[in-house]
Amino acid sequence: MKFEELVNGKLWAVRDDDANCHELEILLDHWNDVVWLRDFFIKNQEDLKGFYHVNIEDAIWDTIEDSDEIESLLIHLAGSVDLDTLFRPLDNNETTEKLLQKGKARIKSRPLHSSWLRVYAIRLSTGAYVITGGAIKLTLRMDEREHTRLELEKIERVRNFLLSEHIIDDDSFIEYIAEL
């Protein structure tokens, strides 16, 4: 498992050893690929129509627009925006900070429905995150569908890796990166 710095030591992304690009890049590529999106929404058409009441064509364009906004917030504005305002605890019932807390970022700017795009990350410390992946979330719970269940497994695997390397905050993370 490797980590790529995206923004000034505050935002990082996981890159699997055999991957050509990091997790955020993979997400953004999928979320801007009309063919990939059409296939995804066809496979998940019942969830899309049942939960959001949106047709596939509108879903594709909403996803592309939301993807652009998320990219802008995470990459282009991350140096000037407090990332803690973008990421929230993955579990909506968590009210206190935890060690290497799992988090999610999403936007709420859609006029007819909230965005289904999620970027998942682990909080190293105040304003510092490692992106582990993301998904198009069309159901209430992540364990209801395979693609979101895989994201739960991925974020847990990254968290366990960080703990196994004695990484508990951004300082120990930076030390780990420097030793590589």
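In this chain, residues are counted from 1 in sequence order.
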Using a 4.5 Å cut-off on heavy atoms from C-beta on, say whether the side chain of [Y] contacts that of [X].
{"X": "Ile131", "Y": "Val119", "answer": "yes"}
{"X": "Trp12", "Y": "Ile122", "answer": "no"}
{"X": "Ile64", "Y": "Trp61", "answer": "yes"}
{"X": "Trp36", "Y": "Asp29", "answer": "no"}
{"X": "Glu156", "Y": "Phe161", "answer": "no"}
{"X": "Arg123", "Y": "Leu100", "answer": "no"}
{"X": "Pro89", "Y": "Lys102", "answer": "no"}
{"X": "Phe173", "Y": "Leu162", "answer": "yes"}

Do the side-chain N and O atoms of [X] and [Y] include a donor-acceptor pair separated by under 3.5 angstrom?
{"X": "Tyr129", "Y": "Asp84", "value": "yes"}
{"X": "Ser115", "Y": "Arg118", "value": "no"}
{"X": "Asn44", "Y": "Lys49", "value": "no"}

Give me the atom names and distance for the closest heavy-atom approach of [X] to [Y].
{"X": "Trp31", "Y": "Thr63", "answer": "O-CG2, 3.8 Å"}
{"X": "Ile26", "Y": "Cys21", "answer": "CG1-SG, 3.6 Å"}
{"X": "Tyr176", "Y": "Met1", "answer": "OH-O, 4.5 Å"}
{"X": "Tyr52", "Y": "Lys137", "answer": "OH-O, 3.6 Å"}
{"X": "Arg88", "Y": "Thr85", "answer": "NH2-O, 3.9 Å"}
{"X": "Thr132", "Y": "Glu151", "answer": "O-OE1, 4.3 Å"}

Ile42 and Ile56: CA distance, side-chain angles, deciding distance, side chain to side chain contact (heavy atoms under 4.5 Å, CB included) verdict: CA-CA 7 Å; Ile42 287 171; Ile56 291 174; 3.7 Å; yes
Worked verdict on Val34 versus Leu37 for side chain to side chain contact (heavy atoms under 4.5 Å, CB included): CA-CA 5 Å; Val34 173; Leu37 289 170; 5.6 Å; no
Any chance you could measure Leu124, atom CG, to Gln101, atom CD, to the nearest 0.5 Å?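 It comes to 12.0 Å.
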Side chain to side chain contact (heavy atoms under 4.5 Å, CB included) between Leu6 and His22: does it pass, once the steps are laid out? CA-CA 10 Å; Leu6 303 179; His22 58 73; 3.4 Å; yes
Do [X] and [Y] belong to the same hydrophobic cluster, where Ile, Leu, Val, Met, Phe, Trp and Tyr are linked whenever their side-chain heavy atoms lie under 4.5 Å apart, directly or via other members?
{"X": "Ile107", "Y": "Leu11", "answer": "yes"}
{"X": "Leu27", "Y": "Leu73", "answer": "yes"}
{"X": "Leu90", "Y": "Leu24", "answer": "no"}

Aromatic contact, Phe40 with His147 (centres under 6.0 Å):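 They qualify: ring centres under 6.0 Å apart.
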Check: Trp116 ring centroid to Phe51 ring centroid under 6.0 Å: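 No, the ring centres sit 6.0 Å or more apart.
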Salt bridge (charged side-chain N to carboxylate O under 4.0 Å, His left out) between Lys154 and Glu23: does it pass, once the steps are laid out? CA-CA 11 Å; Lys154 196 184 322 179; Glu23 287 293 328; 3.0 Å; yes
With Lys2 via side chain to side chain contact (heavy atoms under 4.5 Å, CB included) - residues at least two apart: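 Side chain to side chain contact (heavy atoms under 4.5 Å, CB included) list for Lys2, sorted by chain: Arg15, Asp17.
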Is any NZ, NE, NH1 or NH2 atom of the basic residue among Glu94 and Lys98 found under 4.0 Å from an Asp or Glu carboxylate oxygen of the other?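 The answer is yes: the pair qualifies as a salt bridge.
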Do Asp66 and Arg106 sit within salt-bridge range, that is, some charged N less than 4.0 Å from a carboxylate O?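 No salt bridge links Asp66 with Arg106.
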Give the C-alpha distance, both sets of side-chain angles, the deciding distance and a yes or no for side-chain hydrogen bond (donor to acceptor under 3.5 Å, both in side chains) between Asp169 and Ser172. CA-CA 6 Å; Asp169 57 17; Ser172 54; 2.9 Å; yes
